K.L.:
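Supplied in structure tokens, the structure appears directly below.
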Amino acid sequence: MLPIFFAALLQAATVVPADSGEGHLTNIRQLTFGGQNAEAYFSHSGRQLIFQRQESDSGCDQQYVINVDGSGLRRVSSGLGRTTCGYFLAGDTGVFYASTVHVGRACPPRPDYSLGYVWALYDYDLYATVPAPGGEQSRRLTRNAGYDAEGTLSPDGRTIVFTSLRDGDLDIYAMNVDGTNPRRLTRTLGYDGGPFFSPDGKHIVYRAWHPQTAQDSADYVGLIQQNLVRPTRMEIWVMDADGGNPHQVTKLGGANFAPYFHPDGRRIIFASNHKNPRSRNFDLFLINSDGMGLEQLTTNTEFDAFPMFSPDGRRLVWASNRHGKAPGETNIFIADWVERP
């Protein structure tokens, strides 16, 4: 069991109705209420979730664990700096996530939105936190002077795949779970990130945007030099676990991101605003790994993203603005998954 830094129950999980056309989703429950909550990922047992939560506009994202029934909410990061992209270690023996705590205790500043909608590439490093006698033990896995984040684990529990700026571009890397033997998997100029392994560990699905013109390349590099990236154009890609055979799955336009393999290994779920690329109305879609059979899963007029299937494929968790009490409020939802012929 992970050490408990913080324990609270914001509100009992609430059953909410599916929107019209959301036939794959039933028994939808809202697990968080208030603040900003996102990137919820299942434990290997399927009984818990780790996610990031920002409790106020002046605060920074921290990592929390919650049971899938909405009980037992607790913080598992220190509360210092900014964190992102939490994930469970093999056997649910601990967690790992990206943090800026080595830079300082304070929350780093927000990016300059005068440049348009951009993401800040903070000086994150990856940390693992495991139970220890008398408290907890935190170990720093990377020591790169720049962005190391978006880490997830291979099915055998031996390899972390993550996104890094260590070689001057946003590329995907793999390393041993103790931080040793880092190796670069992607090399094309542009943003390659958000990687997840296939259930058999043979493939990695990820989001990518590669500039196609000299002007696009110059704009991208100019932002990277300011530790910024513009995530408004991305498609879904798949490659072999060693970085070989990279190939594009979607060609939809807009921002397609947060891909994750269905446990059957043949389908990929992801979030997209391709129907209206200038909007924040992201929905969840399912597509075959060969790029065929695109199917829309959510129809709410608000933001739906960061989907993940439970290990047994019977549940889906995601983040959504639906039913928020304030504009832009993002909460965690979980639903029973219904297969349709």
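These figures come from a predicted structure and were not determined experimentally.
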K.L.:
Does the side chain of Q63 pick up a donor-acceptor pair with the side chain of S77 at under 3.5 Å?
P.N.:
no
K.L.:
Do the side-chain N and O atoms of E22 and T298 include a donor-acceptor pair separated by under 3.5 angstrom?
P.N.:
no
K.L.:
Report yes or no: is the cationic atom of R207 (NZ for Lys, CZ for Arg) closer than 6.0 Å to the six-membered ring centre of F257, at no more than 45° off its axis?
P.N.:
no
K.L.:
Go through the side-chain N and O atoms of S154 and D156 and say whether any donor and acceptor fall under 3.5 Å apart.
P.N.:
yes
K.L.:
For the pair E329 and R53, find out whether any cationic side-chain nitrogen is under 4.0 Å from an anionic carboxylate oxygen.
P.N.:
no
K.L.:
Flag the pair V101 / Y127 as yes when at least one side-chain heavy-atom distance between them is below 4.5 Å, and no otherwise.
P.N.:
yes
K.L.:
Can you confirm whether or not the ring centre of H203 sits under 6.0 Å from the ring centre of W237?
P.N.:
no
K.L.:
Can you find a heavy atom in the side chain of S164 that is under 4.5 Å from one in the side chain of R184?
P.N.:
no
K.L.:
Find out whether V76 and T129 are in side-chain contact, i.e. whether some heavy atom of one side chain is under 4.5 Å from a heavy atom of the other.
P.N.:
no
K.L.:
Using the six-membered ring wherever Trp is involved, compare the ring planes of F309 and H262 and label them parallel, tilted or perpendicular (cut-offs 30° and 60°).
P.N.:
perpendicular
K.L.:
Restricting to non-hydrogen atoms, name the atom on G70 and the atom on I66 that form the minimum distance, rounded to 0.1 Å.
P.N.:
O-CD1, 3.6 Å
K.L.:
How far apart are the closest heavy atoms of P211 and S217, and which atoms are they?
P.N.:
CB-OG, 3.4 Å
K.L.:
Quick check for you: to the nearest 0.5 Å, what is the distance between S99 atom OG and D123 atom CG?
P.N.:
10.0 Å
K.L.:
Could you tell me how the ring of Y117 sits relative to the ring of W119: parallel (under 30°), tilted (30 to 60°) or perpendicular (over 60°)?
P.N.:
perpendicular
K.L.:
Please examine the side chains of N276 and N281, heavy atoms only from C-beta on, and report whether any two atoms are closer than 4.5 Å.
P.N.:
no
K.L.:
Check the pair N256, F282 against side chain to side chain contact (heavy atoms under 4.5 Å, CB included), reporting the backbone distance first and the verdict last.
P.N.:
CA-CA 9 Å; N256 304 276; F282 284 81; over 6 Å; no
K.L.:
Give a yes-or-no answer on whether the side chains of N37 and T330 include a donor-acceptor pair shorter than 3.5 Å.
P.N.:
no
K.L.:
Would a hydrophobic clustering, with Ile, Leu, Val, Met, Phe, Trp and Tyr connected at side-chain separations under 4.5 Å, put Y122 with I224?
P.N.:
yes
K.L.:
Would you say the side chains of N273 and R278 form a donor-acceptor pair under 3.5 Å?
P.N.:
no
K.L.:
For side-chain hydrogen bond (donor to acceptor under 3.5 Å, both in side chains), just list the numbers for E339 and H24, CA-CA rounded to whole Å, side-chain angles, deciding distance to a tenth of an Å, and then say yes or no.
P.N.:
CA-CA 6 Å; E339 285 291 352; H24 280 288; 5.0 Å; no
K.L.:
Answer with yes or no whether the hydrophobic clustering places V205 together with F285; edges join I, L, V, M, F, W, Y residues whose side-chain heavy atoms lie under 4.5 Å apart.
P.N.:
yes
K.L.:
In this structure, are over 12 heavy atoms from other groups packed under 6.0 Å from R140 atom CZ?
P.N.:
yes
K.L.:
What verdict does the side chain to side chain contact (heavy atoms under 4.5 Å, CB included) test give for L89 and V95, after you've listed the backbone C-alpha separation in whole Å, the side-chain angles of each residue and the deciding distance to 0.1 Å?
P.N.:
CA-CA 5 Å; L89 289 166; V95 299; 5.8 Å; no
K.L.:
Is it true that R143 and D125 have a side-chain N and a carboxylate O under 4.0 angstrom from each other?
P.N.:
no
K.L.:
Return the minimal non-hydrogen interatomic distance between P307 and L316, and the atom names on each side.
P.N.:
CB-CD1, 4.2 Å
K.L.:
For the atom pair OG1 (T299) and CG (D19), what is the distance rounded to the nearest 0.5 Å?
P.N.:
4.5 Å
K.L.:
For the atom pair CG (L126) and CD (E150), what is the distance rounded to the nearest 0.5 Å?
P.N.:
10.0 Å
K.L.:
Looking only at side-chain N and O atoms, does D216 offer a donor or acceptor that is under 3.5 Å from a partner on H210?
P.N.:
no
K.L.:
Q226 side chain to L228 main-chain N or O, any donor-acceptor pair under 3.5 Å?
P.N.:
no
K.L.:
Could you go through the side-chain hydrogen bond (donor to acceptor under 3.5 Å, both in side chains) check for T142 and N144 one step at a time?
P.N.:
CA-CA 6 Å; T142 63; N144 173 50; over 6 Å; no
K.L.:
Taking the six-membered ring for Trp, are the ring centroids of F196 and Y41 within less than 6.0 Å of each other?
P.N.:
yes
K.L.:
Kindly work out whether a path of hydrophobic side-chain contacts (I/L/V/M/F/W/Y, heavy atoms less than 4.5 Å apart) joins I236 to I204.
P.N.:
no
K.L.:
Looking just at side-chain N and O atoms, do Q52 and T84 make a donor-acceptor pair shorter than 3.5 Å?
P.N.:
yes
K.L.:
State the OH-CG distance between Y97 and L141, to the nearest 0.5 angstrom.
P.N.:
10.0 Å
K.L.:
Is the backbone of P182 close enough, under 3.5 Å, to the side chain of N176 for a donor and an acceptor to pair up by distance?
P.N.:
no
K.L.:
Validate the cation-pi geometry between R166 and Y173: distance from NZ or CZ to the six-membered ring centre under 6.0 Å, angle to the ring axis within 45°.
P.N.:
yes
K.L.:
At their closest point, which heavy atom of P311 faces which heavy atom of S43, and how far apart are they?
P.N.:
CG-O, 3.7 Å
K.L.:
Are L170 and D192 packed together at the side-chain level, in the sense that at least one heavy-atom pair is separated by less than 4.5 angstrom?
P.N.:
no
K.L.:
Could you check whether any side-chain heavy atom of F88 comes within less than 4.5 Å of a side-chain heavy atom of L153, counting everything from C-beta outward?
P.N.:
no
K.L.:
Can you measure from CG (L80) to SG (C107) and round to the nearest 0.5 angstrom?
P.N.:
11.0 Å
K.L.:
Determine the interplanar angle of the F333 and H323 rings, folded into 0 to 90°, and report it as parallel if under 30°, tilted if 30 to 60°, perpendicular if over 60°.
P.N.:
tilted
K.L.:
So, the side chain of D92 versus the backbone of H44: is there a donor-acceptor pair under 3.5 Å, distance only?
P.N.:
yes
K.L.:
Within the side chain of Q62, is there an N or O that forms a donor-acceptor pair under 3.5 Å with the backbone of E55?
P.N.:
no
K.L.:
For D304 and S320, which I'm curious about, is there any donor-acceptor pair between the side chains at under 3.5 Å?
P.N.:
yes
K.L.:
How far apart are the C-alpha atoms of F261 and R267, what are their side-chain angles, what is the distance that settles it, and do they pass the side chain to side chain contact (heavy atoms under 4.5 Å, CB included) test?
P.N.:
CA-CA 6 Å; F261 275 103; R267 292 174 289 174; over 6 Å; no
K.L.:
Determine, step by step, whether Q54 and C60 satisfy the side chain to side chain contact (heavy atoms under 4.5 Å, CB included) criterion, reporting the C-alpha distance in whole Å, the side-chain angles of both residues, the deciding distance to 0.1 Å, and the verdict.
P.N.:
CA-CA 5 Å; Q54 178 183 322; C60 253; over 6 Å; no
K.L.:
Assess whether a salt bridge exists between R29 and D336, defined as any Lys/Arg side-chain N lying under 4.0 Å from an Asp/Glu carboxylate O.
P.N.:
yes
K.L.:
When you check the side-chain N and O atoms of D171 and Y191, is any donor under 3.5 Å from an acceptor?
P.N.:
no
K.L.:
Would you say the side-chain atoms of T14 pair up with the backbone N or O of Q30, donor to acceptor, closer than 3.5 Å?
P.N.:
no
K.L.:
List the atom of T152, the atom of P195, and the distance in Å for their closest heavy-atom pair.
P.N.:
OG1-O, 2.7 Å
K.L.:
Hydrophobic clusters here meaning ILVMFWY residues chained together by side-chain heavy-atom distances under 4.5 Å, can you tell me if V229 and Y113 are in one?
P.N.:
yes
K.L.:
Determine yes or no for a side-chain-to-main-chain donor-acceptor pair under 3.5 angstrom, with D264 supplying the side chain and R266 the backbone.
P.N.:
yes
K.L.:
Measure from the side-chain N and O atoms of T83 to the backbone N and O of D61, and report whether any donor-acceptor pair falls under 3.5 Å.
P.N.:
yes
K.L.:
CG/L284 to OH/Y260 distance, rounded to the nearest 0.5 angstrom?
P.N.:
14.5 Å
K.L.:
Side chains of I334 and D69: closer than 4.5 Å at any heavy-atom pair?
P.N.:
no
K.L.:
Do we see a donor-acceptor contact under 3.5 Å between the side chains of N331 and T32?
P.N.:
yes
K.L.:
Can you name the nearest heavy-atom pair linking Q48 to V68, along with the distance?
P.N.:
N-CG1, 3.9 Å
K.L.:
Spell out, yes or no, whether W209 and I172 are grouped together once hydrophobic residues are joined by side-chain heavy atoms under 4.5 Å, including indirect joins.
P.N.:
no
K.L.:
Is there a donor-acceptor pair closer than 3.5 Å between any side-chain N or O of E39 and the backbone N or O of F306?
P.N.:
no
K.L.:
Side chains of T180 and M175: does their closest heavy-atom pair fall under 4.5 Å?
P.N.:
no
